[in-house]
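These notes are about the structure you will find just below.
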Amino acid sequence: VQLQASGGGLVQAGDSLRLSCAASARTFSNYAVGWFRQAPGKEREFVAGISNGGGTTYYEDSVKGRFAISRDNAKNTVYLQMNSLKSEDTAVYYCAARWGAGYVGIDIAQSIRLYDYWGQGTQVTVSS
């Protein structure tokens with residue numbers, strides 16, 4: 001599976017961005033997808049996740065109510081709508097995929113080591 005993240009940019013605090021993650025796999029509907037981010041000097045962290053069919057979503061506490069993850073399996077694409085952006089959202093954002101169907105607990109959904117395929121990352125910079 002090859003993943004390509006796009007949509008990052010430089011915005012002001014309070015603005016919105018939509019990130020996209022395009023996948024190459026013909027069986028993309030069998031993969032759960034997560035968005036992760038890494039700020040300078042910090043470890044990569046989970047942001048949001050979505051089950052293979054799109055019926056279950058997961059969010060890190062600091063983005064709940066501001067970010068929304070969705071997917072269109074017909075287009076092999078997962079989206080991350082980011083609203084009310086804050087300076088602390090500044091990071092490189094990565095999408096990742098793991099084989100798996102149905103519901104899992106958030107401890108599984110947010111576990112970096114369980115994701116086998118990673119995109120190249122897209123920079124999001126929020127100026128205050």
Side-chain angles (χ1 to χ4, degrees):
V1 179
Q2 292 185 324
L3 303 173
Q4 183 162 0
S6 62
L10 172 63
V11 297
Q12 294 187 334
D15 285 350
S16 299
L17 276 176
R18 188 176 79 159
L19 305 184
S20 298
C21 176
S24 63
R26 287 182 293 176
T27 58
F28 183 60
S29 60
N30 290 330
Y31 291 83
V33 173
W35 282 99
F36 297 79
R37 66 187 179 187
Q38 188 166 18
K42 295 187 177 181
E43 293 186 352
R44 192 169 300 187
E45 65 176 2
F46 172 79
V47 176
I50 190 165
S51 60
N52 65 305
T56 304
T57 57
Y58 313 82
Y59 296 96
E60 192 269 330
D61 285 345
S62 70
V63 307
K64 284 180 181 177
R66 299 189 298 123
F67 291 11
I69 189 171
S70 62
R71 67 189 296 161
D72 183 341
N73 284 343
K75 295 182 178 180
N76 278 11
T77 303
V78 171
Y79 304 98
L80 184 67
Q81 178 66 43
M82 305 187 296
N83 300 324
S84 302
L85 283 161
K86 304 176 181 180
S87 58
E88 51 263 45
D89 295 319
T90 295
V92 177
Y93 283 71
Y94 299 89
C95 60
R98 57 176 175 83
W99 179 272
Y103 172 82
V104 297
I106 190 169
D107 56 335
I108 300 296
Q110 67 184 12
S111 179
I112 291 176
R113 63 182 179 85
L114 297 180
Y115 287 82
D116 299 311
Y117 307 97
W118 290 81
Q120 83 287 4
T122 184
Q123 176 72 47
V124 172
T125 303
V126 184
S127 64
S128 57

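Values below: all heavy atoms of this structure, side chains included; hydrogens, waters and symmetry mates excluded.
- Although no hydrogens or angles enter the test, the distance criterion places no donor-acceptor pair under 3.5 Å between the side chain of Q38 and the main chain of A91.
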Please lay out, stage by stage, how V124 and L19 fare under the test side chain to side chain contact (heavy atoms under 4.5 Å, CB included). CA-CA 9 Å; V124 172; L19 305 184; 4.1 Å; yes

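- Judged by distance alone, the side chain of R71 and the main-chain N or O of N52 form a donor-acceptor pair under 3.5 Å.
- Residues F46 and W118 fall within the same hydrophobic cluster, defined by Ile, Leu, Val, Met, Phe, Trp and Tyr side chains chained together at heavy-atom separations under 4.5 Å.
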Could you walk me through whether R26 and N76 satisfy the side chain to side chain contact (heavy atoms under 4.5 Å, CB included) test, starting with their C-alpha distance in whole Å, then the side-chain angles of each, then the deciding distance to 0.1 Å, before giving a yes or no? CA-CA 8 Å; R26 287 182 293 176; N76 278 11; 5.9 Å; no

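- The heavy-atom pair separating S16 from S84 by the smallest distance is OG-N, 4.3 Å.
- Geometrically, R44 does not engage F36 in a cation-pi contact defined by less than 6.0 Å to the ring centre and at most 45° from the axis.
- Of all non-hydrogen atoms in T122 and G8, the two that sit nearest each other are OG1-N, 3.1 Å.
- Under the 4.5 Å side-chain heavy-atom criterion for Ile, Leu, Val, Met, Phe, Trp and Tyr, Y31 and Y58 are members of distinct hydrophobic clusters.
- Between F67 and Y93, the ring planes are tilted. Angles from 30° to 60° get that label.
- Shown here for L3 and A23, the closest heavy-atom pair between the two residues is CD2-CB, 3.5 Å.
- A heavy-atom distance below 4.5 Å is not found between the side chains of F28 and T77.
- The CD1 atom of I106 lies 11.5 Å from the OG1 atom of T56; values are rounded to the nearest 0.5 Å.
- In this structure, L85 CG and S127 OG are separated by 10.5 Å, a value rounded to the nearest 0.5 Å.
- Note: C95 SG to I50 CD1 = 12.5 Å, rounded to the nearest 0.5 Å.
- The hydrophobic clustering, which links ILVMFWY residues whose side-chain heavy atoms are closer than 4.5 Å, places V78 and L17 together.
- When atom types are taken as modelled, the side chain of Y117 and the backbone of W99 share no donor-acceptor pair closer than 3.5 angstrom.
- In this structure, Y94 is a member of the same hydrophobic cluster as L114, with clusters built from ILVMFWY side-chain heavy atoms closer than 4.5 Å.
- The residues D89 and K86 are annotated as not salt-bridged, no charged nitrogen and carboxylate oxygen being separated by less than 4.0 angstrom.
- Annotation: cation-pi pair R98/Y115 present, NZ/CZ under 6.0 Å from the ring centroid and within 45° of its normal.
- Residues S87 and S128 share a closest heavy-atom pair of CB-CB, 4.2 Å.
- Contact detail for Y59 and A48: the closest heavy-atom pair is CD2-CB, 3.7 Å.
- Annotation: the span from R37 atom CZ to M82 atom CE amounts to 9.0 Å, rounded to 0.5 Å.
- No path of Ile, Leu, Val, Met, Phe, Trp and Tyr side chains, each step under 4.5 Å between heavy atoms, connects L10 with V126, placing them in separate hydrophobic clusters.
- In this structure, a donor-acceptor pair under 3.5 Å is absent between the side chains of S6 and Q4.
- More than 12 heavy atoms of other residues, nucleotides or ligands shown are found within 6.0 angstrom of CD on E45.
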